[in-house]
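Lettering follows sequence order; numbering is per chain, from 1. Keep in mind the model is a prediction, meaning the values are calculated, not measured. FYI, side chains are in, hydrogens and waters are out, and symmetry mates aren't considered; it's all heavy atoms of this structure.
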2 protein chains.
Amino acid sequence: MLEYSVLLLLRRQPCYANDIIKQLKEADLIVVEGTLYPLLTRLKKDGLLSYEWRESIQGPPRKYYALTNDGTVALKAMDDTWTSLVRTVEVLKLVHS
Amino acid sequence: MLEYSVLLLLRRQPCYANDIIKQLKEADLIVVEGTLYPLLTRLKKDGLLSYEWRESIQGPPRKYYALTNDGTVALKAMDDTWTSLVRTVEVLKLVHS
DNA sequence: CTATAATACCTTGCAATACATAGTACCTAA
DNA sequence: TTAGGTACTATGTATTGCAAGGTATTATAG
């Protein structure tokens, strides 16, 4: 689900790690560095994300991650998976109430 | 989410492992023995489930698991957590579309 | 010029979860 | 008494998330 959330975020525009953490927090999802960095590295390794270095106004340069074509395809698949999971829970709620 | 699903199932009536696997499959959730048994043991250990042995028509006796009071309380909390997660994803979908 | 603080990225170790696989125990029927 | 089906259990592995600590770059204060 976190992977899915990150891809959703990056659909709009490239972001770097702290951007992502901040935006997830705005959606009530608390994620820390130790979780996000390995996740971004993994998604990059799997070809779903790419990154480019951009200089910062203040501080060291940042890795701005963006969706690749494969990432867009994977995101569509996750859309279906997520929808299916939500539906599963709905069914369980209804049938066993 | 699987934990949540199992508690939802057991809300209606006590079930044993194969019952649960079958009913989850009917809701399009594939779970295998190696996953479910440790999960049931854990929920029992945490006091969310109790079980009683019942004889079977054919084969060895079965452990029928049921929600405890603590389990019912935990289920309510999971309801909120799940609703929150679903809402989070909805927000991410809308804001970043 | 150096030291400090802030920012950004990365690594390591641990715990929890899910799976594959194999194993044990019980019951019925041939 | 043995074979097969059912039910429960145990072990090892991969993945995921977190805590904690570490490295590198930049700006600012002394």
Side-chain angles (χ1 to χ4, degrees), chain A residues 1-7 9-10 14-25 27-66 74 77-78 81-82 84-85 88-89, chain B residues 1-7 9-10 14-25 27-66 74 77-78 81-82 84-85 88-89:
Chain A
M1 180 221 163
L2 180 55
E3 211 170 274
Y4 180 38
S5 297
V6 169
L7 293 188
L9 269 182
L10 295 175
C15 295
Y16 76 108
N18 281 11
D19 266 351
I20 295 171
I21 290 175
K22 183 180 171 189
Q23 291 182 42
L24 289 178
K25 188 176 292 179
D28 287 321
L29 200 58
I30 306 301
V31 180
V32 296
E33 287 188 336
T35 301
L36 187 59
Y37 279 109
L39 187 149
L40 291 173
T41 302
R42 176 162 27 100
L43 292 175
K44 167 67 169 62
K45 183 187 166 197
D46 293 344
L48 307 190
L49 295 181
S50 61
Y51 68 74
E52 61 173 19
W53 288 98
R54 291 191 199 171
E55 291 190 355
S56 166
I57 307 296
Q58 207 166 18
R62 302 163 173 173
K63 271 189 181 177
Y64 276 79
Y65 284 89
M78 289 184 198
T81 300
W82 179 255
S84 173
L85 287 180
T88 291
V89 170
Chain B
M1 180 224 164
L2 180 56
E3 217 169 85
Y4 179 38
S5 298
V6 169
L7 292 188
L9 269 182
L10 295 176
C15 296
Y16 77 108
N18 281 10
D19 266 352
I20 296 173
I21 290 175
K22 184 180 171 188
Q23 291 182 43
L24 289 178
K25 188 176 290 180
D28 287 321
L29 201 56
I30 306 301
V31 180
V32 296
E33 285 189 335
T35 301
L36 186 60
Y37 279 108
L39 188 150
L40 291 173
T41 302
R42 188 169 68 243
L43 291 176
K44 168 67 168 62
K45 183 187 166 195
D46 293 345
L48 306 189
L49 295 182
S50 61
Y51 68 74
E52 60 173 16
W53 287 99
R54 293 191 198 169
E55 292 189 355
S56 165
I57 308 296
Q58 205 167 23
R62 302 163 173 173
K63 275 187 181 176
Y64 276 79
Y65 285 90
M78 289 184 197
T81 301
W82 178 254
S84 173
L85 287 180
T88 291
V89 170

Side-chain N or O of B:Tyr37 closer than 4.0 Å to phosphate OP1/OP2 of D:dT9
no
Counting side-chain heavy atoms from C-beta on, which of C:dA18, D:dC18, C:dT7 comes nearest to A:Val31?
D:dC18
Phosphate OP1/OP2 of C:dT7 contacted by A:Ser56 side-chain N/O (<4.0 Å):
no
Do B:Tyr51 and B:Tyr64 have ring centres separated by under 6.0 Å?
no
Just the rounded figure in Å: distance from P of D:dC8 to NZ of B:Lys44.
14 Å
Given D:dC18, D:dT9, C:dC9, identify the nucleotide with an atom nearest to the side chain of A:Glu33.
C:dC9
Can you measure A:Gln58 atom CD to D:dT26 atom C1' for me and round it to whole angstrom units?
8 Å
Quick one: which of D:dA24, D:dT28, C:dC10 gets closest to the side chain of A:Pro60?
D:dA24
Let me know the distance between CD1 of A:Ile57 and C1' of C:dT7, rounded to the nearest Å.
13 Å
If only side-chain N and O atoms of B:Arg62 are considered, is one of them under 4.0 Å from the OP1 or OP2 phosphate oxygen of D:dT6?
no
Touch check for B:Pro61, heavy atoms < 4.0 angstrom, all strands: base, sugar-phosphate only, or nothing?
sugar-phosphate
Please state how far atom CG in B:Leu40 lies from atom P in C:dT17, giving the value in whole angstrom units.
13 Å
Side-chain N or O of A:Tyr16 versus OP1/OP2 of C:dA8: is the shortest distance under 4.0 Å?
yes
Of the nucleotides C:dC19, C:dC10, C:dA18, which one has an atom closest to the side chain of B:Leu39?
C:dA18
